Amino acid sequence: ISKTRDERPIVLPPHTSESAFETALRELRELLGEEWVKCNDVALVDGDYHAVPLSHDAYHILEQDDLVPSAVCWPKDTEQVATVVKWANRHKIPIWPISIGRNLGYGGSAPRVRGSVVVDLGRRMNRVLDVSEQNAACLVEPGVQYITLYEHLQEIGLGNKLWIDVPDLPGGSVMGNALDRGVGYTPHGDHWSQHCGLEVVLPDGDIVRTGMGALPGTDCWQLFPYGFGPYHDGIFSQSNYGIVTKMGVWLMPNPGGIRPFMATFPREEDLAAAVDALRPLMVQKIVGNVPCLRLGVQDATMYHKKTEFPLRENGLIDRKKAQTMIDKLGTGAWVFYGALYGPDEITAPKFDYIKKALSVVSGAKFYERKDVPSNHYLNDYAKFTAGIPTWRELDRMQFIPNASHLFFAPISAIDGKDALRQSHMCRNRMEEYGFDYLGTFFIGHRAMHHVISFMYDKTDPEMKKRALSCIRALIEDAAKIGVGEYRTHLALQDQVAGTYNWGDGATMRLNEKLKDALDPNGILQPGRSGIWPKRYRGQGWEL
Ligand code: ADP
């Protein structure tokens with residue numbers, strides 16, 4: 001089994017001989033069925049958004065064949081997931097569960113430890129198990145994508161009554177995204193906060209249901225998140241403490257109307273005043289969704305390739321000259337997209353109130369759908385905010401050839417000075433390393449996700465190295481001023497975890513105590529979020 005059809009050697013799990021691996025895989029095939037276990041012996045093809053590989057990270061930032069599994073398996077239900085977990089314990093082989101495996105810009109389907117076995121939950125566990133119309137809640141398996149949940153609601157005749165929240169692209173898993181604490185656009189845009197109840201396979205194969213799910217015969221598993229006693233759900237997000245096989249999700253009842261709108265601010269320095277004007281609107285929930293404030297240049301990447309922008313000698317976009325082009329799109333130096341929910345009688349006066357509040361920024365302009373051409377992003381934004389899937393974000397991939405994304409995503413207070421400081425810090429570092437700063441602030445009720453897209457050509461090894469070094473420098477810069485990231489690529493999780501080090505690393509000590517107690521053999525996702533099991537610790541696995 002050591003050579004493939006194209007002579008690519010199969011990667012073995014750590015500390016596992018070829019013959020031990022062969023025996024283990026034979027046993028796994030007996031447990032799951034021959035066709036549900038495959039060696040990772042395929043050629044590494046990056047594919048595209050619609051065809052993401054399970055063989056490696058399609059947006060590789062390290063070598064293409066660095067973060068690769070030894071095999072992939074497809075359990076059919078929770079019991080089989082527990083079977084796989086027990087198998088992994090017997091053979092001390094690391095496993096890496098994925099729901100769909102898109103997770104683009106953060107590692108895709110790839111495991112952190114080379115040679116892990118990927119457990120693809122989504123292929124066979126992809127049902128919407130329950131939808132409660134009256135409670136606006138549902139129960140999903142890992143393979144339910146935003147698009148399939150949307151279609152399911154349409155099919156059962158509830159599409160107009162119950163809305164979902166979609167992130168940028170609808171092909172990801174509803175569960176996977178919530179577990180990684182992704183964000184969307186509606187009032188339910190903080191996905192983790194809208195889940196209710198989990199079913200989890202623990203690293204020893206035990207199966208638990210959280211919250212009310214622990215009570216046999218309950219009707220409230222998807223209604224009341226806490227149950228009785230300690231609230232465990234938090235330890236299963238961005239962690240390696242369990243494999244989630246069912247998750248409750250709250251849906252949004254049709255609010256009776258929606259008013260998506262856009263506000264533009266003419267100068268880059270307007271960021272500070274705009275953010276300060278937005279804070280009370282967010283804290284008081286006058287704007288009730290997760291709106292965003294996007295750099296005009298980034299907005300323009302939706303419509304234009306990089307070669308169409310005026311460039312400076314160093315190859316970066318000339319922002320001053322680009323302003324003419326951006327003005328043509330009517331989006332200003334910064335553009336705010338928001339949505340108001342409810343019938344017109346409610347949203348019209350709210351919109352007037354918001355216009356007045358944001359007009360403290362001189363030159364601010366406001367637009368609704370009726371004011372923009374049909375290809376304008378505001379029309380797609382209108383779909384996002386009504387939970388209707390769109391593929392428009394894929395347009396950004398035309399920006400450069402072989403475009404790949406990597407995200408630098410620090411959290412900011414909703415504070416003008418903070419936002420401006422972060423924005424300058426990121427721009428300066430990125431330009432030093434030869435990247436255009438393309439940032440968006442996703443605004444919550446108390447804080448913002450400042451999501452910065454690093455676009456790089458994945459066929460250019462030098463550019464990949466530069467992107468990685470630049471993000472590493474940014475993580476360090478940010479930590480120095482008390483700024484931390486909410487999520488990061490696999491290759492950077494050790495570094496980010498290292499910055500959350502209050503109390504001489506108290507958080508990681510707690511993480512490790514939990515890891516050692518729940519997963520003594522260290523089989524589940526070693527290294528995820530920088531948490532290494534005992535048998536891997538201090539042996540040079542950290543990146
Ligand atoms: P996407 O929804 O983008 O396709 P993935 O399925 O790739 O997301 O999952 C994102 C991250 O969350 C991965 O690191 C993966 O290991 C973890 N994850 C996904 N689903 C589960 C699950 N059901 N249980 C535990 N971890 C999961």
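Both counts, for ligands and for their atoms, begin at 1 and track the order of listing. Only a predicted model underlies this, so the values are computations on that prediction, with no experimental measurement involved.
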Compute the shortest N/O to N/O distance between Asp180 and ligand 1 and return yes if it is under 3.5 Å, no if not. no

closest protein heavy atom to atom 13 (C) of ligand 1 is Asn103 ND2, 3.9 Å

The closest protein heavy-atom partner of atom 9 (O) of ligand 1 is Gly176 CA, 4.1 Å

Legend entry - Gln525 versus Asp519, side-chain donor and acceptor atoms under 3.5 Å: no

Practice problem: Flag Ile100 as yes when one of its N or O atoms lies below 3.5 Å from any N or O atom of ligand 1, and as no otherwise. | Solution: yes

Atoms of ligand 1 under 4.0 Å from any heavy atom of Ser173, numbered from 1 in the order shown, are 1 (P), 2 (O), 4 (O)

If the contact criterion is a heavy-atom separation under 4.0 Å, does Gln525 count as touching ligand 1?
yes

Ligand 1 to Leu121, heavy atom cutoff 4.0 Å, flagged ligand atoms 22 (C), 23 (N)

For Gly108, the atoms of ligand 1 under 4.0 Å from one of its heavy atoms are 7 (O)

Any chance the rings of Phe435 and Phe454 have centres within less than 6.0 Å?
-> yes

- Query: Around Tyr226, counting heavy atoms of other residues, nucleotides and ligands shown, do more than 12 lie under 6.0 Å from its OH?
  - Reply: no

Please work out whether the ring planes of Phe441 and His450 are parallel, tilted or perpendicular, with thresholds of 30° and 60°. parallel

Among Gly171, Ser99, Gly242, closest by heavy atom to atom 25 (C) of ligand 1 is Gly242

Check: So is Gln145 in contact with ligand 1, going by heavy-atom distances below 4.0 Å?
Finding: no

Any N or O of Thr245 that comes nearer than 3.5 Å to an N or O of ligand 1? no

Residues at least two apart in sequence or cross-chain that pass side chain to side chain donor-acceptor pair (under 3.5 Å) with Trp532, listed by chain then number, are Asp494

Worksheet item: Does Gly182 come within less than 4.0 angstrom of ligand 1, counting non-hydrogen atoms of the residue?
Response: no

Short version for Tyr106: what comes under 4.0 Å of ligand 1, heavy atoms counted, is neither

In ligand 1, the atoms that come under 4.0 Å of a heavy atom of Met175 are 23 (N)

Can you label the angle between the Trp541 ring and the His15 ring as parallel, tilted or perpendicular, going by 30° and 60°? perpendicular

The side chain to side chain donor-acceptor pair (under 3.5 Å) partners of Asp233 (sequence neighbours excluded) come to His195, Thr210

For Asn177, the atoms of ligand 1 under 4.0 Å from one of its heavy atoms are 2 (O)

N/O of Gly101 under 3.5 Å from N/O of ligand 1, yes or no? yes

Practice task
Please say whether Val244 places an N or O atom under 3.5 Å from an N or O atom belonging to ligand 1.
Solution key: yes

key: Pair Tyr377 + Tyr337: ring centers closer than 6.0 Å   = yes

Practice problem: Return yes or no for this condition: an N or O of Pro97 is under 3.5 Å from an N or O of ligand 1. | Solution: yes

Compute both the distance and the angle, then confirm whether Arg29 meets the cation-pi test with Trp36: under 6.0 Å from the six-membered ring centre, within 45 degrees of the axis. no

